[in-house]
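Since the structure comes first, as structure tokens, the remarks are kept for the end.
Computed from a predicted structure; not experimentally measured. One-based numbering, in listed order, for ligands and for the atoms of each.
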Amino acid sequence: MATGKALSKAGLADLAVLGGPALFTGDLHVGRPNIGERAHLMARIEAMLDSRWLTNDGPLVAEFEAAVASRHAVRHCVATNNATAGLQIAIKALGMTGEVILPSFTFVATAHSLRWLDLTPIFCDVDPATHLMDPAEVERLITPRTGGILGVHLWGQACAPEALSDLARQHRLPLLFDAAHALGCSHRGQPIGGAGDAEVLSFHATKVANAFEGGAILTNDGTLADRLRRMRNFGFRGTDHVDILGINAKMPEVCAAMGLTSLEALDEFISVNRRNFAAYRQGLAGLPGIRLHEAPAGDEVNHHYVILEVDEQAAGVSRDELVRWLRAEGVLARRYFHPGCHRMAPYRAEDPLAAARLPVTDRLSAQVLALPTGTAMTAAAVEELCRLLGFLAANAAPIRRRLIDLTSPKAA
Ligand SMILES: Cc1ncc(COP(=O)(O)O)c(C=O)c1O
């Protein structure tokens, strides 16, 4: 990653949004893939090609499942081709029906996985401090139509597993967790993965460790694991016998090869993220109105998501202005997650009144900003980016004025 001008010299005219050169000449992406040891990946792929076993319960998938189950201290791991398919077969295997309660402040795959199965998502608001679904709100939303609870471990933080498990037990509801962000994370000293009926990790390329694409369903319930295995393979039990409805959600061997190679390097990826997070914490300290989100005490996260909350009034700059101005400098910051799922077309049309009960989700989705981290990001780049953010925030008013001048007809 090369940088352009030194920020200490940056006058306003030096800013890329005002016509200067970009500060970062190679774009900085959120979720740039972390790549493990290439030689290990290639050796696995060579062996796979030699064996001509490319998919269907291959040895690499079995090894991948054992490694994930061990890392997350659960009895069973069922690998899938992605987390969305994993969520869907888990939802089906758990027999969820009718309405399912979930947060709106999540990636849309959480909601889609329900709606695709003709279930009705009931969006729940989140806690402003943690960004996680609030169990007290979940309880208020439970009705005789409720057929399940789908918690999301957003940013790798545990979504109230104890309180939601109590609620699910009391109301005899299946409880599933979307743990797409939670690889390598723990809660109160225990790896995430063993709560509720099942939890689903993502190994998408943009996640902390990837299998190109991939998912993993974790459970301590052997009967459920057996059902999930059949469901992901067209419902087959053995070679010719189909005894339940199934689909093709199998992870191919080449993905397991990448998944295993990534898992070997997971601790290294997390330690780079931790170093970057510490640099962000230091670089952003004292910036008015710009708050770095921290996981609650008791949660050990993988720091794969560096999330800011930008309070426009206090910061003097809006989240969306920062996104545009950073983009010009080569920083592809993302609005994770914006808008809340309830404002996306399929859901807005079905429940137009949902926004009334989701004020925190609406506020957060207008304020959050995800910044780049991972092994493609150096601590020096984080420091430079923090200085840039401070500069943009401190000079927001004159930047805005110059932008107006540049676009006014007399500037032409
Ligand atoms: C919270 C959440 N759930 C589900 C998914 C879907 O995962 P996948 O891309 O593996 O299907 C993602 C991200 O990609 C996610 O961020």
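- Of all heavy-atom pairs between A257 and L60, the closest is CB-CD1, 4.0 Å.
- Contact check on E65 versus R232 returns a salt bridge, with a Lys/Arg side-chain nitrogen under 4.0 Å from an Asp/Glu carboxylate oxygen.
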Which protein N or O atoms sit under 3.5 Å from any N or O of ligand 1? Give atom names and distances.
| residue | atom | partner | partner atom | Å |
| --- | --- | --- | --- | --- |
| ligand 1 | 3 (N) | D178 | OD1 | 3.3 |
| ligand 1 | 3 (N) | D178 | OD2 | 2.6 |
| ligand 1 | 10 (O) | A83 | N | 2.9 |
| ligand 1 | 10 (O) | S202 | OG | 2.8 |
| ligand 1 | 11 (O) | A83 | N | 3.3 |
| ligand 1 | 11 (O) | T84 | N | 2.9 |
| ligand 1 | 11 (O) | T84 | OG1 | 2.6 |
| ligand 1 | 14 (O) | K207 | NZ | 2.9 |
| ligand 1 | 16 (O) | H181 | NE2 | 2.8 |

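- Only one option out of Y305, Y336, F107 pairs with W155 in a ring pair (Phe, Tyr, Trp, His ring centres under 6.0 Å); it is Y305.
- Partners of E309 according to the side chain to side chain contact (heavy atoms under 4.5 Å, CB included) rule, which considers only residues two or more places apart in sequence or in another chain, are H131, R291, H293, R363, L364, Q367, V368.
- The pair E253-R52 does not meet the salt-bridge criterion, since no charged nitrogen lies less than 4.0 angstrom from a carboxylate oxygen.
- In summary, R387 and E384 do not engage in a salt bridge, as defined by a charged side-chain N under 4.0 Å from a carboxylate O.
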